[in-house]
Amino acid sequence: MKIGKETQPRTRISTSDEHTIVVRGSDLCADLIGKLSFTDYFHLLVTGRRPDAAAAAVLDATLVAIAEHGLVPSVQASRMTLAAAPEAMQGAVAAGILGCGSVILGAAENAGRMFSEIDREAGPQGEIAAAAESVVRAYRAAGRAIPGYGHPLHKARDPRVDALFDVAARHGRRGRFVAIAEAVERVIPAVVGKDLKLNVSAAIPAVLLDVGYPVAALKGVPILARTAGLIAHLTEEVEHSIGFALSYQASREVVYEGEVPPGWAGGTSSYP
């Protein structure tokens, strides 16, 4: 049974023969290795274009901004996985990346899609503020969170926001999508009833969209960045393991609330 339109597999990313490896139209060994940074290469792989200086600087800054985030759940899952299976770093990295969703890392993609929606509603000559308010109100009416705003620690603006906006400004690319992100920040108090400030998950898509990065690939940026952070944590885990300590700590905190058999003499903790 045929599903989908294509019957012939096709790709524009790479090919090779006995002598040459071609990536996005360039000879990998002659044109790319040692001549292109990994950030530039990532941009080329995703978009098919080499970035200009501004796009490269902005993309690089976003990768640096989001690579490390402490012992968040995805990192703990990764470290506990390596503690249980020390021969499988790839499995431990995968365990951490599988935790990338709407709460952790995926908010950047969702914020970028919201900004694109505001951009379309405003149109080339439209009022960004009015479009921002309209879209935020629609999100609230649908019971949807406003992605990329508010932070449990940084009650004022997340410090990474201005750092990223400054990179874009220095390269002359602080543009329409940064303006949209700030317009959303201004309308949130009246619409949501809380003064939720921009966080890094809104800043990342704002600066990337301003340099022409595709919306469809936004989620890949924090995933790539966080992979680097996970590898750092897993290297440390090999040298000084805390995976089981994390597991033990979680067990000690759990309170069992289910039924028990007659004559049970244990306590309420699930920790033995």
Side-chain angles (χ1 to χ4, degrees), residues 39 42-43 45-49 51-52 54-67 69 74 97 99-124 126 128-140 142 144-151 154 157-158 160-169 171 173-188 191-192 196-227:
T39 297
F42 174 57
H43 189 284
L45 284 171
V46 171
T47 69
R49 308 182 309 275
D52 60 21
V58 166
L59 177 57
D60 196 61
T62 63
L63 292 167
V64 172
I66 200 65
H69 208 80
S74 57
I97 295 303
C100 300
S102 60
V103 175
I104 295 178
L105 301 187
E109 177 192 28
N110 294 338
R113 294 189 181 281
M114 181 180 70
F115 296 159
S116 296
E117 187 177 346
I118 293 168
D119 179 50
R120 290 192 299 271
E121 183 160 329
I128 288 176
E133 182 174 352
S134 173
V135 170
V136 172
R137 287 192 183 280
Y139 269 56
R140 291 295 289 172
R144 299 171 66 183
I146 311 302
Y149 294 82
H151 194 281
H154 307 300
R157 257 192 189 181
D158 184 330
R160 294 168 294 183
V161 172
D162 288 335
L164 289 174
F165 287 178
D166 285 347
V167 172
H171 289 83
R173 302 292 278 275
R174 178 170 174 153
R176 181 175 175 87
F177 284 98
V178 169
I180 288 172
E182 293 187 315
V184 170
E185 186 180 62
R186 286 192 295 271
V187 304
I188 280 178
V191 177
V192 178
L196 303 177
K197 299 297 186 180
L198 274 153
N199 67 42
V200 72
S201 292
I204 285 173
V207 296
L208 286 175
L209 292 173
D210 272 339
V211 296
Y213 194 83
V215 174
L218 281 173
K219 192 173 184 179
V221 172
I223 288 175
L224 175 64
R226 194 56 57 84
T227 298

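- Atoms CD and CD1, from E133 and I118 in turn, are 11.0 Å apart once rounded to the nearest 0.5 Å.
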Q. Taking it one step at a time, do V221 and F42 satisfy side-chain contact (heavy atoms from CB on, under 4.5 Å)?
A. CA-CA 9 Å; V221 172; F42 174 57; 4.2 Å; yes

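- Considering all non-hydrogen atoms of both residues, S201 and A111 come closest at O-CB, 3.7 Å.
- Side chain of S134 to main chain of A130: no donor-acceptor pair is present (N/O by atom type, distance under 3.5 Å, no hydrogens or angles).
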Q. What do the steps show when you test L198 against D158 for side-chain contact (heavy atoms from CB on, under 4.5 Å), and what is the final call?
A. CA-CA 7 Å; L198 274 153; D158 184 330; over 6 Å; no

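- For the pair D119/I180, a side-chain contact is recorded, criterion being any heavy-atom separation below 4.5 Å from C-beta on.
- Nearest heavy atoms, P124 versus R176: O-NH1, 4.3 Å.
- We find the CG-CG distance between L63 and L224 to be 5.5 Å, quoted to the nearest 0.5 Å.
- Side-chain N or O atoms of R137 include none that pairs as donor or acceptor with a backbone N or O of V191 at under 3.5 Å.
- One N or O on the side chain of H171 and one on the backbone of V167 form a donor-acceptor pair closer than 3.5 Å.
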Q: Evaluate the side-chain contact (heavy atoms from CB on, under 4.5 Å) criterion for residues L196 and I146: first the C-alpha distance (whole Å), next the side-chain angles of each, then the deciding distance (0.1 Å), finally the verdict.
A: CA-CA 9 Å; L196 303 177; I146 311 302; 5.7 Å; no

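- Under the 3.5 Å distance criterion, the side-chain polar atoms of Y149 are matched with a main-chain donor or acceptor of A181.
- No side-chain heavy atom of P51 sits under 4.5 Å from any side-chain heavy atom of Y213.
- Under the 4.0 Å criterion applied to side-chain N and carboxylate O atoms, E117 and R113 are not assigned as salt-bridge partners.
- Taking all atoms of both residues into account, the shortest heavy-atom contact from L218 to P222 is O-CD, 3.1 Å.
- Scanning all heavy atoms of the two residues, the minimum distance from N199 to G150 falls at ND2-O, 2.7 Å.
- Residues forming a salt bridge (charged side-chain N to carboxylate O under 4.0 Å, His left out) with D210 (at least two apart in sequence, or on another chain): none.
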Q. Could you go step by step and tell me if V184 and M114 meet the side-chain contact (heavy atoms from CB on, under 4.5 Å) rule?
A. CA-CA 10 Å; V184 170; M114 181 180 70; 4.2 Å; yes

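- We find the NE2-CG distance between H43 and L208 to be 8.5 Å, quoted to the nearest 0.5 Å.
- Closest approach of T39 and A56 over heavy atoms only: CG2-O, 3.8 Å.
- Residues S74 and R226 approach most closely at OG-NH1, 4.3 Å, considering heavy atoms.
- Remark: R174 CZ to L164 CG distance equals 11.0 Å, nearest 0.5 Å.
- For R157, the salt bridge (charged side-chain N to carboxylate O under 4.0 Å, His left out) partners at least two apart in sequence or on another chain are D162, E182, E185.
- In this structure, V200 and H69 have side chains that are not in contact, with every pair of non-hydrogen atoms separated by 4.5 Å or more.
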